[in-house]
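Working notes, beginning with the structure itself.
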Protein chains: 2
Amino acid sequence: MSEPLRPLRRNEIRQQNEALICQAAEKVFAEAGFGGATMQLIADLAGLPKANLHYYFPTKEDLYRRVVQDIFEIWLHAAEAMDSAPGPVEGIGAYIEAKMEISRRHPDGSKVWAYEVMHGAPVIQDYLETTLRDWTSGRVRLIERWIAEGKMARVDPEHLLYMLWAATQHYADFGHQIATLNGQPLTDADWQRATDSVKTMILRGIGAV
Amino acid sequence: MSEPLRPLRRNEIRQQNEALICQAAEKVFAEAGFGGATMQLIADLAGLPKANLHYYFPTKEDLYRRVVQDIFEIWLHAAEAMDSAPGPVEGIGAYIEAKMEISRRHPDGSKVWAYEVMHGAPVIQDYLETTLRDWTSGRVRLIERWIAEGKMARVDPEHLLYMLWAATQHYADFGHQIATLNGQPLTDADWQRATDSVKTMILRGIGAV
DNA sequence: AATTTTCTTGACCACTTGGTCAGGCTATGA
DNA sequence: TCATAGCCTGACCAAGTGGTCAAGAAAATT
């Protein structure tokens, strides 16, 4: 927003413009999908000429890939809350809170990810097969340990993870539907209630008290 | 698939071609989104010349609207299982089963719906505000009654509905991700386990035994 | 058989798209 | 100060887009 008074250094220029473009791209990709998004729209939203986008990101797909990867990073980071916990109440509780917070702060990113996966993950298939699969199997073992230690009921760990992803991301991906049914966008209190509801139902659902 | 030997009656032609086009459109819209889908692709998949699509559906948006409405009908129909039930165990259990079955049989339809809502529901906003809102408030009252009758724990009915939608539709919308993590598409037994897992966790989560 | 109505389709068009490029501009390093 | 390398951008293009249309084929109606 603010025009800096001092001339920018080379690195700053690149970093700042890439961030500006990514931010605009995330929004446009979320609103229109890959096919519906146009470089012109992204350029306008970023306040740059279209040719400038192609200077930083040679193709539309390059830009899209960058946006998807950014979200993936955020989600992976959120999962750390789970690992250091002594049991499911703290671990899964914290994970739900982190993921709900992301749904609230990065709804566009969540939508772009949903869009990408829904369409067969043409761009991040390798991430699914490597990073995400590894992460998942690690968490599955963690949950199995908690079950073995009697800290929660015997549930299928994979399907518990799917439910966690589904329940939390739903508030981002289907935020418009929720806001419509709610009569208005969720307030701070609404988000708190949503988070509490998800936590309560899931923690009780897996028999963690 | 089978070419009928007898000449078709007018009504049959119209009905058959519209169904053929809708079927192809559902798949293409699910795979590419509204913006990414092209009438040419849909035409090719339906095995008809593009101009013929425009005879039955004047614009791309008309066709898209039809596809979205079809899915909405299916989901509304699935909800009937909930109403005639004596309590949450039967009612919500049956609803989960019905919705999981739809996720399995109509994954493309579910994706198109998700796509539509994610992008602000430009086409079916009125449905959200009328039909879906009415349906939702009816189900909220039903759940509140069950709570009042002590048949389940005191949970927020709206957020329970969101969780039901999220958990079941996730298996359609994110089916590709699930299949990747699973190493292969879900088998019959996998679907059964998924349905059982969702039912078990949610029913326990709402304190319905 | 004649006529009307519905269906079919190749050719076409105005418009938009992602992407290019040459030439100008600006910071940096010597 | 000057040369170099990185940044910026208006004008442009080939490819594809949704949609049209006129002329014909096929079914229905008389």
Side-chain angles (χ1 to χ4, degrees), chain A residues 3-22 24-29 31-68 112 115-116 119 122-123, chain B residues 3-29 31-68 112 115 119 122-123:
Chain A
E3 194 74 9
L5 299 175
R6 296 290 97 218
L8 291 167
R9 304 204 178 281
R10 276 278 146 80
N11 273 352
E12 291 171 342
I13 291 180
R14 169 149 232 128
Q15 214 169 327
Q16 182 173 311
N17 279 347
E18 285 189 359
L20 198 65
I21 293 168
C22 281
E26 182 179 279
K27 187 167 185 185
V28 173
F29 282 134
E31 280 174 1
F34 180 81
T38 71
M39 295 298 271
Q40 189 62 63
L41 240 89
I42 298 171
D44 291 347
L45 189 61
L48 295 171
K50 194 185 67 161
N52 207 350
L53 301 210
H54 281 101
Y55 174 75
Y56 287 103
F57 299 92
T59 71
K60 187 182 175 184
E61 195 176 317
D62 289 330
L63 177 51
Y64 176 76
R65 188 189 321 261
R66 170 70 156 273
V67 170
V68 174
V112 176
Y115 179 91
E116 165 69 6
H119 296 43
V123 164
Chain B
E3 193 75 9
L5 300 175
R6 294 293 98 216
L8 291 167
R9 302 202 181 283
R10 277 276 146 81
N11 273 350
E12 291 172 341
I13 291 179
R14 170 148 232 129
Q15 213 169 328
Q16 183 173 311
N17 278 348
E18 285 190 359
L20 199 65
I21 293 168
C22 281
Q23 206 175 321
E26 182 179 281
K27 188 168 184 183
V28 173
F29 281 133
E31 280 174 1
F34 180 81
T38 71
M39 294 299 271
Q40 190 62 64
L41 240 89
I42 298 170
D44 291 347
L45 189 60
L48 295 171
K50 193 186 68 163
N52 207 350
L53 301 210
H54 280 102
Y55 174 73
Y56 288 104
F57 300 92
T59 71
K60 186 183 176 185
E61 196 177 317
D62 289 330
L63 177 53
Y64 176 75
R65 189 189 319 262
R66 170 71 156 272
V67 170
V68 174
V112 177
Y115 179 91
H119 296 44
V123 164

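These numbers were taken from a predicted model, which means no experiment stands behind them. Scope of the values below: all heavy atoms of this structure, side chains included, with no hydrogens, waters or symmetry mates.
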(request) May I ask you to decide if A/Val123's main-chain N or O and A/Glu116's side chain share a donor-acceptor pair within less than 3.5 Å? (result) yes
(request) Using only side-chain N and O atoms of A/Arg14, determine if any of them is under 4.0 Å from OP1 or OP2 of D/dC7. (result) yes
(message) Looking at B/Asn17, I'd like to know whether one of its side-chain N or O atoms comes within less than 4.0 Å of OP1 or OP2 on C/dT8.
(response) yes
Whole-Å gap separating [atom2] ([N]) and [atom1] ([X]):
| X | N | atom1 | atom2 | result |
| --- | --- | --- | --- | --- |
| A/Gln15 | D/dC7 | CD | C1' | 16 Å |
| B/Gln16 | C/dC7 | CD | C1' | 13 Å |
| A/Phe57 | D/dC7 | CZ | P | 13 Å |
| B/Glu18 | C/dT8 | CD | P | 11 Å |
| A/Glu12 | D/dC7 | CD | P | 12 Å |
| A/Leu20 | D/dC8 | CG | C1' | 15 Å |
| A/Leu48 | C/dG19 | CG | P | 17 Å |

About how many Å separate [atom2] of [Y] and [atom1] of [X], when rounded to the nearest 0.5 Å?
| X | Y | atom1 | atom2 | answer |
| --- | --- | --- | --- | --- |
| A/Lys27 | A/Leu41 | NZ | CG | 10.5 Å |
| B/Met39 | B/Leu48 | CE | CG | 11.0 Å |
| A/Leu45 | A/Leu20 | CG | CG | 8.5 Å |

(request) Looking at every strand, decide which applies to A/Tyr56 at a 4.0 Å heavy-atom threshold: base, sugar-phosphate, or nothing. (result) sugar-phosphate
(message) If you count every heavy atom of other residues, nucleotides or ligands that lies below 6.0 Å from A/Lys60 atom NZ, does the total exceed 12?
(response) yes
(request) Anything under 30° is parallel, anything over 60° is perpendicular, the rest tilted; go ahead and classify B/Tyr64 against B/Tyr115. (result) perpendicular
Under-3.5 Å N/O pairs linking protein and nucleotides 15-18 of chain D:
unit_1 : atom_1 : unit_2  : atom_2 : d
D/dG18 : OP1    : B/Ala37 : O      : 3.2
D/dG18 : OP1    : B/Met39 : N      : 3.4
D/dG18 : OP1    : B/Lys60 : NZ     : 3.2
D/dG18 : OP2    : B/Met39 : N      : 3.1
D/dG18 : N7     : B/Lys50 : NZ     : 3.1

(request) Go through C/dT8, D/dC7, C/dG10 for me and flag the one nearest to the A/Tyr55 side chain. (result) D/dC7
(request) Kindly point out which of C/dT9, D/dG10, D/dC7 is positioned nearest to the side chain of B/Asn52? (result) C/dT9
(request) Could you pull out all residues at least two apart from A/Tyr55 that satisfy side chain to side chain donor-acceptor pair (under 3.5 Å)? (result) none
